[in-house]
Every structure is written in C-alpha cells, then in structure tokens.
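Whatever order the structure lists ligands and atoms in, that order sets their numbers, starting from 1. Treat the numbers as computed from the prediction; the structure is a model and nothing was measured.
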Amino acid sequence: MNKSLVLFVTLLALSCQKKTENLNLREGLHISNVSIITTEDGNYSPYIGHLVAEKDKIVYIGENEPPISGKFEKIDGTGKFVVSGLIDNHVHITEVQGMLPHHMEKYPELTKEFNSQMPKSYLYYGFTTLINLGGISKEQITSFDQGPYKPDLYHTGYSGASVANGYPMNFAPEENRFETTPNFIFIESEANNIPDKFDPADHTPKAVVERIKKSGAIAVKSYYESGFRGMPKLPVPTKSIMKELLEESRSNELVLTVHGNSLEAHSFLADVGVDVIAHGLWNWEEYKDAPRDSLPLPIKETLDLQIQKQIGYTPTLTVIAGEEALADDAFLNLPELKKVVPNKLLEWYKTEEGQWFAKELFSEFDVEMVHGIYGNIQAHAMQALKYLSDNDGFILFGTDTPSAPTYGNQPGYNGYWELKLMKEAGVPLNKILSSATINNAKAFHLDASIGSLKTGKKANMVIMSKNPLKEIEAYNSIEKVVVGGEVIHRGDLGVKD
Ligand SMILES: [Zn+2]
C-alpha cells in the first residue's frame, strides 16, 4: 500500500468514527437510553439513544452517549419513548367551554379558574404548541403567555378574515359585529349592510392580510360557510376574494387556513388551492343519506383534488363528537375530565343553567335520535379521512377546541379524543403522530423550530411510558412534558383533587 493510500484509509476511518464533542452545559437536560421516535418525512425508524438539550434547544440526538459536563438534569429514559411536542393547529383559547359571554360575566370565579387551568390541560395531554384560529386580543395573548406552565401560542390576528356578515360574524350582535371583526372583508353583495364609517379600502383582502401580518400572526383564517342548523343563508367569499386572500397571504409569508366542512366548501377550497382546510368533509349535502361505507363520486373527486394539491386536511372529528356528547349524561362523569376541568365548573355544567346548549340543540330529540344523526355524520367524516389517509393526503392534526359553546370539547382531553377518533377512522398510528408533529409544523411554516427532534430545534417534547407507534393509549401514558427545555411532570399539570 502506498503512503497516500494509507493516509486516505486512515482519514476515512477517522471520519467514520467522528468523535462526539464534549457537551459543556449550563442549563442542560440529558434524556438517556430512551426510544427516540421522530421523523422529517413521515417515515419512522425508532432507536434507543440519547437526547441532550441546553436551555431551550436540542444540542445532541443520537445513539451514542455523548460526554457531558457542567450543569444538567438527567432523566433515565430506559423503557420510555420520546416524541416531539404535539401541535394542535385549531384551538380557541379565548372561550370558556360551555359558556357564553354573559355566563362568563356572571361567574368570574369559574372563568378565572378555567383560564388558569386551561394551558396546563393542553400540556397534560402533550400539546406544547397551539394555533389559535380565530379572533384573539393582545390582552388575551399576554395573559395566556403569563401562565407558569403553558404551550407555545401562535395566532391568526385579532379577528378572522370573514366576509361582511358572513360566518362567524353572524353570531356577533348586530350593533358591534363590525367593530369586533376588525379584519372583515368587504363583499359587494353586502355593500348596503356595512356601516358607512368603514372604508371599503381598509377591507380588501390585501389590506386585511397586511393588518393580520402586522399583528404577529402566522396564518390567516377565513371561512366558507353558507350556514347550518336552520340559519338563513350566509354570504360566502367569491372565488376572486379567496384567490386574492391566498396570494396576499403567500406574499406576506402567511398560511391561509379556511373553515369549511361541506362538499360545496371543500370543492370550492380545493379548486382555489388554499393551504389548509380547517375541518374535514362531513357535510355531504345531497349525499347525506349515503350508506356509511360508501364514498359518492363527487366526494371522492373533491378529496382527490385535495390530495393532488396536497392541501392540509384537518379532520376535527371532535367537532361532531363534542356536540353529540351533550346528549349523554355519562360524558361529564368521565374520570379524565377531572384532570383537565376545574371541579366547580364540572359541577356547573350539570346544573339547569349549565345545560343551556344541550337543551338548545337537543330538547326535541331523544338520545337515540341524536346518536343516529351524529353517528351518520361522523361515519361520513371518518370515511373521507380514511380515503385521504389511504391515498397519501396531507393530514394535519387539529381539534377546534371548542368548536361551539359546548362543554364537550375540553382542553387537552379533546386532543386525546381526536387522536383516538382518527385511529378509529383507520388512520395508521405513524400517520397520526406525523399529523400532530411534522405535518403541522411544515404546513404552518414552523418546521425550522418545531415538529421533530433534531439538533437546533426547540426542546419541546413528550416522554411516554407506552409506544405511540404501537398503541393510541400511549398519548394518555405521558410522564413528562418538556417545553423549551423545561421539564414538567404530568402530575403538576392536572387539576388537583
Ligand atoms: Zn374553530
């Protein structure tokens, strides 16, 4: 062997066993011998290894134990599993579940207790990142961020980009609906119903998106909803409004996510090619009586177009389940709820007054009828989701907690429920985990900092005693949650008995 060849071989050998650098930590965390479950592209190859964080960043991840010195907390991960912190891309942290504003005013104590528990309840089920998809005020953002234990919160501005008098503006009292929806969009058909003091120039898609961008949002929320439950027909965006919203969002590096759950909405949004649809396709309109195991051609074609364009699809199955829950007395006695809802509020839900929404929805139906109707809608929602999953649709995890003033969508628990319903629909466990981590991070342009376990990313993670690629119950076997490098024991997150 000549000299240069020897040198080459030696160099090759050296580079193969690249020595792990010593990690000198000041505020470190070392999770040792843990099963690491992470992905960049949806494929998982779990392995037992080590994960090291310094302050809020991951600084090492790999099979070999690196030499570590300095100050750090060590967690023995033997027999445990670590995943990237879960992301829920559709929540409303501005609500108190089951209450309307007048209830919150009447019961400030219940409201206060709920709001101080709510961020912890999300963490209790492993959600370290939330995206608030609706109106939120500066004060609400600040107050959420002040909590001692809280997920990272992202938002879509001080109001959604709803067309004038469209959904969900229609729920606001007429006297201040335009004031409380500062980002409403001018639409010609409503020109005569918009108070004169609002200048249409301030309510073009361009002006609205720029305002949303300035508020520190990461996405624009819009809506395509012509009404439900006997509402009068609501105005919906025209194609040119939606296209302009999409273009303006993209040129401002924002994501356009749009409410829609009907065939009409999904096909409109698929055609425009929005980034994310904030709900699944469960309102099959003229196909609403289709057999539970069938997929009518127009539904299939709409889903095919979404798959082809890789539009983010957010099933939000708990929207249906969380309303249906109001028909069942058993729901409020679920032991899991005691960990995420203050006891006094749980008690209030059981009172005459607390049952207001249940009465409004279901007073004319018996329980069996409710389950019949909702069961059918849910079967269709699951059918659409299964098709998307089988055909490599871009599935994103989102709950819409709460989707209505229902106590059926509780923070944290609702996320666990959603995960279980996705499993029930037939989505494989690896795809469920990706939907709540890397897919959401990519869809909302957050993947440079979260969504997977990788050197340089934020130390947001969940340590479980069961394997989430083997059983869905793993998501209820959480032992510790790490947010920005801070280790929180699950026991410190639940409501105290
Ligand atoms: Zn919502």
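- Remark: Arg177 is not positioned above the aromatic ring of Phe171, lacking an NZ or CZ atom under 6.0 angstrom from the ring centre and at most 45 degrees off the axis.
- The Zn ion (ligand 1) does not have His279 among its coordinating residues (no N/O/S atom, backbone or side chain, under 2.8 Å).
- Look at His92 and the Zn ion (ligand 1): an N/O/S atom of the residue is under 2.8 Å from the metal.
- Of the options Lys213, Lys206, Lys214, a salt bridge (charged side-chain N to carboxylate O under 4.0 Å, His left out) to Glu210 is made by Lys206 and by none of the others.
- Under the 4.5 Å side-chain criterion, counting only non-hydrogen atoms from C-beta, Gln410 is not in contact with Ser121.
- Atom CD of Glu109 sits in a sparse spot, with 12 or fewer heavy atoms from other residues, nucleotides or ligands closer than 6.0 Å.
- To the nearest 10 degrees, the angle centred on the Zn ion (ligand 1) between NE2 in His90 and OD1 in Asp400 reads 90°.
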